[in-house]
Number of protein chains: 2
Amino acid sequence: MTVLPDLPDDADLLLLDRQICFSLNAASRAFGGVYRVLLKDLGLTYPQYLVMLVLWEHGELPVKRIGEHLRLDSGTLSPLLKRLEAAGLVHRKRSPEDERSVTVSLTGEGSAMRERAGQVPRRLLVATGLPVEQLATLRVLLDQVTEALDNAVPGLAAEG
Amino acid sequence: MTVLPDLPDDADLLLLDRQICFSLNAASRAFGGVYRVLLKDLGLTYPQYLVMLVLWEHGELPVKRIGEHLRLDSGTLSPLLKRLEAAGLVHRKRSPEDERSVTVSLTGEGSAMRERAGQVPRRLLVATGLPVEQLATLRVLLDQVTEALDNAVPGLAAEG
DNA sequence: CCCTATTAAGTTGTGCGCAATTGAATGGTG
DNA sequence: CACCATTCAATTGCGCACAACTTAATAGGG
């Protein structure tokens, strides 16, 4: 029980904080590492895979909608979509009715990849080592935290 | 109840997978957004803050040890530590007994920042909107997943 | 003792994430 | 119609993550 006079009880929170942010950071990168291996055959990165998932589900979307699904802006999506287009997986064209918007659609190759990616989720779930119920719990907690954090940001920014 | 004949039961897993990786990705970035706001006054990025936490706890470490604590390699740490040094927060010097190793230590300014950072964890915990017990649960789940994922990677890589 | 393998940092190249800005198109208001 | 604010995509710049490689120093085996 050493006493650190210049560090009051905030010190405990610093340690707790360290644990939480370490854990989240580590988990995020661990997922990334597994996805990297699983997606290697497909030639996709993890963010590219997320975009493909959105397109497989919705078929055809403007860049804006993809960004809303994934919380990504054009600064991230524009070059990513260019690479997907260069890989022959998606097609981009200006929307005729609104020339500001760019519609992203799957090519035949992009659609066909959906079947090849079919094994990815199962292998990922196995790799987590957790039963589906606990993963569901994890997901609920993560979503709660995300919503709370997003709501908190404006207030924090206002405080300075 | 639409039936998609060309997509067998893997399709459900694709959706579940989408939810889990979306949630984790979103949570990770939501945390990053809050940290970015909280650390703005300190002039630190989130990864830089993590390094400072390690140094505040351990006082003085070679780059290798910092990397072990944070799961980061020299490719990430070398430029990051250069920026911390340029900011006057850390000092780097070659170890006399092993000239391959670089010892990273805090400057007076770097140590002093610890007090200024004292408010960060409390504000973050509040921002999450979750009671401490649920955050602890979240952390345990994340750590379990991380360990399982790390153990799974070699096997996955072997399969190809 | 020499030669080789290993280890630690650093460097390079690619891709992601985000803030800030630009440019073109659109919509609304006087 | 003219003007202005808004919207969408793209671009720029910076920092992080990671793989692959380089360089320098150390440790170990013949």
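The figures here come from the full heavy-atom set of this structure, side chains too, leaving out hydrogens, waters and symmetry mates. Order of the sequence lines fixes the chain letters, A, B, ..., with proteins taken first and strands second; residue numbering starts at 1 for each chain.
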Note to self: Checking the side chain of A/Asp73 only, and the main-chain atoms of A/Thr76 only, is there a donor and an acceptor separated by less than 3.5 Å?
What the structure shows: yes
Note to self: Checking B/Asp98 now: which residues fulfil salt bridge (Lys or Arg N to Asp or Glu O under 4.0 Å) with it, not counting sequence neighbours?
What the structure shows: B/Arg100
Notebook entry, point to check: Should we say atom CD of B/Glu68 is surrounded by more than 12 heavy atoms from elsewhere, each under 6.0 Å from it?
Noted result: yes
Notebook entry, point to check: Between C/dC18, C/dA9, D/dC18, which nucleotide has the shortest distance from any of its atoms to the side chain of A/Arg29?
Noted result: D/dC18
Check: Can you tell me if B/Arg114 uses its side chain to pair, donor with acceptor, with the backbone of B/Trp56 under 3.5 Å?
Finding: yes
Note to self: Categorize B/Pro79 for me: base, sugar-phosphate, or nothing, with a 4.0 angstrom heavy-atom threshold over every strand shown.
What the structure shows: nothing
Notebook entry, point to check: Hey, can you pull the residues of residues 98-107 of chain A with a non-hydrogen atom under 4.0 angstrom from DNA chain D?
Noted result: A/Arg100, A/Ser101, A/Val102
Margin query: Would you say A/Arg92 places a side-chain N or O within less than 4.0 Å of OP1 or OP2 belonging to D/dA10?
Written below: yes
Filtered N/O pairs between nucleotides 2-4 of chain C and protein, under 3.5 Å:
none

Next item on the list: Between A/Gly33 and A/Arg65, name the one whose nearest nucleotide on DNA chain D is closer to the 5' end.
Entry: A/Arg65
Notebook entry, point to check: Can you list every salt bridge (charged side-chain N to carboxylate O under 4.0 Å, His left out) pair that touches residues 45-54 of chain B, not counting sequence neighbours?
Noted result: none
Checklist line | Interatomic distance, A/Lys64 NZ vs C/dT26 P [rounded to whole Å] | finding: 16 Å
Margin query: What is the distance, to the nearest angstrom, from the CG atom on A/Asp73 to the P atom on D/dT7?
Written below: 16 Å
Notebook entry, point to check: Between B/Thr76 and B/Ala30, who's closer to the 5' end of DNA chain C by nearest nucleotide?
Noted result: B/Thr76
Next item on the list: Would you mind classifying the nucleic acid contact of A/Lys40 as base, sugar-phosphate or nothing, using non-hydrogen atoms under 4.0 angstrom?
Entry: nothing
Notebook entry, point to check: Of the nucleotides D/dT11, C/dG10, C/dC18, which one has an atom closest to the side chain of B/Ser78?
Noted result: C/dG10
Margin query: Using modelled atom types and a 3.5 Å cut-off, is there a donor and acceptor pairing between side-chain atoms of B/Thr107 and backbone atoms of B/Gly110?
Written below: yes
Next item on the list: Mind calculating the distance between CG (B/Leu81) and P (D/dG15) to the nearest angstrom?
Entry: 14 Å
Next item on the list: Would you mind reading off the distance between A/Leu77 atom CG and D/dT11 atom C1', rounded to a whole angstrom?
Entry: 14 Å
Item checked: B/Arg94 side-chain N/O to D/dA24 phosphate OP1/OP2 under 4.0 Å -> no
Margin query: Nearest whole Å is fine: how far is D/dC18 P from A/Tyr46 OH?
Written below: 13 Å
Notebook entry, point to check: Could you give the NZ-to-P distance, from A/Lys93 to D/dA9, as a whole number of Å?
Noted result: 13 Å
Check: Which residue pairs pass the salt bridge (charged side-chain N to carboxylate O under 4.0 Å, His left out) test with at least one member in residues 86-96 of chain A, sequence neighbours excluded?
Finding: A/Glu85-A/Arg92
Next item on the list: Check whether any side-chain nitrogen or oxygen of A/Ser74 sits under 4.0 Å from OP1 or OP2 of D/dA9, and answer yes or no.
Entry: no
Check: Quick one: B/Glu97 CD to D/dA27 P, roughly how many Å, whole number?
Finding: 11 Å
Check: What are the two closest heavy atoms between B/Arg29 and A/Leu70, and how far apart are they?
Finding: NH2-O, 2.9 Å
Checklist line | A/Lys82 side chain near D/dA9 phosphate (N/O to OP1/OP2, under 4.0 Å) | finding: no
Check: Does A/Gln144 reach the main-chain N or O of A/Leu141 with its side chain, forming a donor-acceptor pair under 3.5 Å?
Finding: no
Check: Roughly how many Å is it from CZ in A/Arg71 to P in C/dA19, rounded to a whole number?
Finding: 12 Å
Checklist line | Set of ring-ring contact (aromatic ring centres under 6.0 Å, His included) partners for A/Phe31, sequence neighbours left out | finding: none
